[in-house]
Asker: 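I have a structure here, written as structure tokens, and I will follow up with some questions on it.
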Number of protein chains: 2
Amino acid sequence: MSGLSQTLTRAEQRCQQQGGRMTTQRKQVLALLLSQAGPQSAYQLLAQFKHQYQANAQPPTIYRALDFLVQQGLAHRLSSTNQYLACGHITCQHDHQGTLFLLCDTCGGVQETPLLKGAVSQLQQQLGREGFQVQHEPLLEIHGRCASCAVA
Amino acid sequence: MSGLSQTLTRAEQRCQQQGGRMTTQRKQVLALLLSQAGPQSAYQLLAQFKHQYQANAQPPTIYRALDFLVQQGLAHRLSSTNQYLACGHITCQHDHQGTLFLLCDTCGGVQETPLLKGAVSQLQQQLGREGFQVQHEPLLEIHGRCASCAVA
DNA sequence: TTTGAAATGTTATAACATAACAATTTCATG
DNA sequence: CATGAAATTGTTATGTTATAACATTTCAAA
């Protein structure tokens, strides 16, 4: 578990390696994402951004920053809920072949886990069978009920 | 490969078994879906519905029909593209544990295939590890390039 | 220090989806 | 058949998500 500033530093390093510019604004949005308990909609983030950083910010500001962060692998977009969250593996050396998001429909929380090798190879088999070529790591979203909510 | 009317009949049977009412309107929307080459947005379907069936139809008409069809397992919603398509397995006895959609970013087409058992059990393993309970068959969407587009 | 590409600001609008309530239809049951 | 509760459909309005388009500014490399 590393602190916020360490994470931001690490994120900056990653951008440099990948030829991306980590500007103040983008860092602010990433910081916002990192401070959240759960995934947020773009407009929720916009509201917080306006409150904390820039009162007159407009949607494109947030969407551009989010697009950038997603491109750089520092954030993820959950397409099944139209939400965004910081990547849970900014500080670790992650060598994923894909990511699995477990979305709890009860509490709205998300668990992000690397796809296990076994699952990856099974999926690859299935893709190969169809002659389908994947360009980016697949992000798989599965809905259900998380462990905490299952207890209650 | 069964014809449109056969498929609609089969769909009707399924609804009855599941306690759903297959109305004229819903059948019309399903027929629209079945006549498509690829997945369509709700508003594309609305435009076609207005053209073919009811000139003054409004968005709720389409969304309600789509919601119903998805509930009954006769159609799917692709959350990564906000599109809808007819289930490719209305006429077969399908005993899926989940479905994998291969979305071609080049031609916009979709390949729908049942999740192979191996992949299912790998994913289940991973879910079990997190204590996560799935309520519905997972629908997994993977983007990439389909076989035809890979050739070109 | 120019200069051009990238980033940001700003206005407007497109695209996706649902709330809320009225009217109608359906269909089990009296 | 009558009829009334539940489901479906009609209709208006609006909420939510996302991007187009163009102006301005920033910033690093030549």
Side-chain angles (χ1 to χ4, degrees), chain A residues 11-12 15-33 39-50 52-72 74-85 103 105 108 141, chain B residues 11-12 15-16 18-33 38-50 52-72 74-85 103 105 108 141:
Chain A
E12 209 154 1
C15 284
Q16 280 181 347
Q17 285 168 18
Q18 298 166 2
R21 265 191 222 164
M22 179 56 97
T23 64
T24 302
Q25 201 174 69
R26 290 165 171 175
K27 215 180 300 184
Q28 289 169 340
V29 172
L30 178 54
L32 268 186
L33 284 174
Q40 304 284 313
S41 79
Y43 277 74
Q44 285 175 324
L45 292 164
L46 175 58
Q48 295 174 51
F49 185 82
K50 287 166 82 164
Q52 287 198 36
Y53 298 113
Q54 201 182 126
N56 61 335
Q58 300 300 318
T61 294
I62 289 301
Y63 279 104
R64 285 164 178 161
L66 290 172
D67 288 348
F68 172 83
L69 294 170
V70 167
Q71 255 188 2
Q72 298 290 314
L74 300 170
H76 299 296
R77 176 171 191 275
L78 301 173
S79 66
S80 65
T81 57
N82 299 319
Q83 289 178 313
Y84 298 82
L85 40 38
L103 308 164
D105 293 326
E141 303 176 26
Chain B
E12 210 156 0
C15 284
Q16 279 182 348
Q18 296 165 4
R21 268 191 219 165
M22 178 57 96
T23 64
T24 302
Q25 200 173 70
R26 289 164 172 175
K27 215 180 299 182
Q28 288 168 340
V29 173
L30 179 54
L32 268 186
L33 284 173
Q40 304 284 313
S41 79
Y43 276 75
Q44 286 175 322
L45 291 165
L46 175 58
Q48 295 173 50
F49 185 82
K50 287 166 81 163
Q52 287 199 35
Y53 299 111
Q54 200 180 127
N56 61 335
Q58 299 300 319
T61 293
I62 289 304
Y63 280 104
R64 285 167 178 160
L66 289 172
D67 287 350
F68 172 83
L69 295 170
V70 167
Q71 254 188 2
Q72 298 290 315
L74 300 170
H76 300 296
R77 176 170 191 276
L78 301 173
S79 66
S80 65
T81 58
N82 299 320
Q83 289 176 313
Y84 298 83
L85 40 37
L103 308 164
D105 292 327
E141 303 176 27

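A, B, ... follow the sequence lines: proteins, then strands. Residue 1 opens every chain.
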Asker: Picking from D/dT11, D/dA18, C/dA17, which would you name as closest to the side chain of A/Y84?
Answerer: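 Per side-chain heavy atoms of A/Y84, the pick is D/dA18.
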Asker: Write down the distance between CG (B/L78) and P (C/dA15), rounded to a whole number of angstrom.
Answerer: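 After rounding, the gap between these two atoms is 19 Å.
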Asker: Indicate yes or no: at least one non-hydrogen side-chain atom of B/R64 is less than 4.5 angstrom from one of B/Q25.
Answerer: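 B/R64 vs B/Q25: side chains apart.
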Asker: Pick the nucleotide of DNA chain C nearest each of B/T81 and B/R21; which residue has the one closer to the 5' end?
Answerer: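 Whichever sits nearer the 5' end wins; that is B/T81.
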Asker: Starting from the 5' end of DNA chain C, give me the residue, A/Q58 or B/A42, whose nearest nucleotide shows up first.
Answerer: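 Nearer the 5' end of the strand: A/Q58.
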Asker: Among C/dA17, D/dT17, C/dT8, find the nucleotide with the atom closest to the side chain of A/S41.
Answerer: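 Closest nucleotide among those given: D/dT17.
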Asker: Round to a whole Å and report the spacing from CZ of A/F68 to C1' of C/dA7.
Answerer: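 Those two atoms, CZ and C1', are 10 Å apart.
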Asker: Side-chain N or O of B/R77 versus OP1/OP2 of C/dC16: is the shortest distance under 4.0 Å?
Answerer: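 For C/dC16, neither OP1 nor OP2 has a side-chain N or O of B/R77 closer than 4.0 Å.
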Asker: Measuring from atom OH of A/Y53 to atom CD of A/Q28, what distance do you get when rounded to the nearest 0.5 angstrom?
Answerer: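 Here the rounded value is 5.5 Å.
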Asker: Given atom CG of B/L66 and atom C1' of C/dT18, what is their separation to the nearest angstrom?
Answerer: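 One finds 14 Å between C1' of C/dT18 and CG of B/L66, rounded.
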Asker: What's the CE-P distance between B/M22 and D/dA7, to the nearest Å?
Answerer: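 That distance rounds to 18 Å.
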Asker: Supply the atom-to-atom distance A/L30 CG to A/F68 CZ, rounded to the nearest 0.5 angstrom.
Answerer: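 It comes to 9.5 Å.
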Asker: Looking for any heavy atom pair under 4.0 Å, which part of the strands does B/Q54 touch: base, sugar-phosphate only, or nothing?
Answerer: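 Sugar-phosphate contact only.
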Asker: Whole Å only: how far is the CG atom of B/D67 from the P atom of D/dA7?
Answerer: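 Taking atom P of D/dA7 as the reference, CG of B/D67 is at 16 Å.
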Asker: A/F49 has an atom CZ; how far is it from atom C1' of C/dG9, in whole Å?
Answerer: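 Interatomic distance, CZ of A/F49 to C1' of C/dG9: 12 Å.
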Asker: Measuring from atom CD of A/Q44 to atom CD1 of A/I62, what distance do you get when rounded to the nearest 0.5 angstrom?
Answerer: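 Interatomic distance, A/Q44 CD to A/I62 CD1, rounded to 0.5 Å: 11.5 Å.
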Asker: Which residue lies toward the 5' end of DNA chain D, A/Q44 or A/R64, if each is placed at its nearest nucleotide?
Answerer: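 Its nucleotide being nearer the 5' end, the pick is A/Q44.
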Asker: By centroid distance (under 5.5 Å) and plane angle (under 30°), are B/Y43 and C/dC16 in a stacked arrangement?
Answerer: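 By the stated criterion, B/Y43 and C/dC16 stack.
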Asker: Would you say C/dG9 has OP1 or OP2 under 4.0 Å from some side-chain N or O of A/T61?
Answerer: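 For C/dG9, OP1 or OP2 has a side-chain N or O of A/T61 closer than 4.0 Å.
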Asker: In this structure, how many angstroms lie between the C1' atom of C/dT8 and the CD atom of A/Q28, rounded?
Answerer: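 Result: 12 Å.
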Asker: Tell me whether the side-chain N/O atoms of A/Q25 come closer than 4.0 Å to OP1 or OP2 in C/dG9.
Answerer: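 So the side chain of A/Q25 is within the cut-off, an N or O lying under 4.0 Å from OP1 or OP2 of C/dG9.
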Asker: If the cut-off is 4.0 Å, is B/N82 near the phosphate of C/dA17, judged by side-chain N/O to OP1 or OP2?
Answerer: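 Checking B/N82 against C/dA17: at least one side-chain N or O falls below 4.0 Å of OP1 or OP2.
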Asker: Are any non-hydrogen side-chain atoms of A/L33 and A/L66 less than 4.5 angstrom apart?
Answerer: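 A/L33 reaches A/L66 side chain to side chain.
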Asker: Roughly how far, to the nearest 0.5 Å, is CG of A/L69 from SG of A/C15?
Answerer: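 The distance works out to 7.5 Å.
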Asker: Would you please confirm or rule out a distance under 4.0 Å between OP1 or OP2 of D/dT9 and any side-chain N or O of B/T23?
Answerer: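 Yes.
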Asker: Within the structure, does a side-chain N or O atom of B/R26 lie under 4.0 Å from either OP1 or OP2 of D/dT9?
Answerer: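 Yes, because at least one side-chain N or O of B/R26 sits under 4.0 Å from OP1 or OP2 of D/dT9.
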Asker: Whole-Å distance between D/dT16 C1' and A/Q83 CD?
Answerer: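 Atom CD in A/Q83 sits about 13 Å away from atom C1' in D/dT16.
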